[in-house]
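Whatever order the structure lists ligands and atoms in, that order sets their numbers, starting from 1.
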Amino acid sequence: LHSGRAFDFENYHRYSEIEAFVNELAATNPLVSSSIIGTTYEGRGIIMATLSTGSSPTKPVMYFECAMHAREWVTPATCLWMMNEVATKYGTDAEITAMLDYADWLITPVSNPDGYEYTWTTDRLWRKNRTPNGGLCYGTDPNRNFDAGFGGPGASGNACSDTYHGPSAFSTEEASAFRDVLAANRGRTVAAITIHSFSQLWMSPYGYQNALPTDYAEMFRVMEISVNALTATYGTQFQYGNIADTIYIASGSSTDYAYMGEGVLYAYALELRDTGVYGFELPPDQILVTAIETFNGLKAMAKEIAAK
Ligand code: ING
Ligand code: ZN
């Protein structure tokens, strides 16, 4: 098992390079396959890697998704690094082996490739997708476009806003692709993790309201174990708790949808490094440490879920 070695994980990459990496890993590593889970407004395929030792209709699934927001560049870098770790260390690393024996890992490194490419070509701090809204302003925020309190507080009806929720729930290809991955794995998905930056947070539902879910105690238990493992790596501090109280009220998010719409108990939203010194423009020399600490947190999470 090899491949991926030529890819430079310590730098940021254009979407075409990311696609090429995923496809090469799939072509050379029997644990990996690639698929297109949706096609964006500008015609890009949203590529997903499936890491599996051999699937069955009852095997649990864990879904990981990065760069739903275009400017959060450390997140696709982290998703790619984790993908390579799982793919290349299965069979030699005991923890990774047990993890993949328990569940298939599905990883979408760039959920919003149109926005991501726009941050390379035109506006480094673009957040949304690139759908036209009929006026001068472009883009819907895919993380306000899910059918979970859609159009409520913490989302905007103004097409020029960075948190524009769009004309209707699932109007965006980015949100509907996520929805369809969960629907295709209904009854099997034990975790759905959406990875953002920045602020160093690990969060659970709800985002659309301050009231806590009935499952909050269990969500919190696993969150705390995960954050402790993350922090044990390099001492990076993360705050954790429900979305609405930890960051802000936000309706129509993928995390609330995974829990409310599909019953995924471990639905978490992460905000990776840093706390604002570099913000979205995290220097490439922090990619590896960010990916390693995040993966340690997620491995601890996976271990807890498997032990339940
Ligand atoms: N933060 C997230 C956002 O979409 C979030 C926070 C996560 C809200 C999950 C709701 C659900 O605003 C960033 N940085 O995008
Ligand atoms: Zn984000």
Using 30° and 60° as the class boundaries, would you call the ring planes of Y206 and Y208 parallel, tilted or perpendicular?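 Y206 vs Y208 ring planes: perpendicular.
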Name of the [X] atom (N/O/S only) found closest to the Zn ion (ligand 2):
X    : answer
E72  : OE2
H196 : ND1
H69  : ND1

Among T231, T78, T236, which one satisfies side chain to side chain donor-acceptor pair (under 3.5 Å) with E293?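 By the side chain to side chain donor-acceptor pair (under 3.5 Å) criterion, E293 pairs with just one of T231, T78, T236: T236.
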Under a 4.0 Å threshold between the charged nitrogen and the carboxylate oxygen, would R221 count as salt-bridged to E304?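 A salt bridge is present here (some side-chain N lies under 4.0 Å from a carboxylate O).
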R179 to F170, cation-pi by 6.0 Å centre distance and 45° axis angle: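 Pair R179/F170 counts as cation-pi.
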Minimum heavy-atom distance between W126 and G115, given as atom pair plus value: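 It is CD1-CA, 4.1 Å.
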Search all heavy atoms of A229 against all heavy atoms of A300 and return the closest pair with its distance.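 A229 and A300 have their closest heavy atoms at CB-CB, 3.5 Å.
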M301 and I225, any side-chain heavy atoms less than 4.5 Å apart: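 In short, these two side chains do not touch, never coming nearer than 4.5 Å.
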Give the residues near ligand 1 by chain and number, with the criterion being a heavy-atom distance under 4.0 Å.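 Ligand 1 is contacted, at a heavy-atom distance under 4.0 Å, by H69, E72, R127, N143, R144, H196, S197, I243, Y248, A250, S253, T255, A269, E271.
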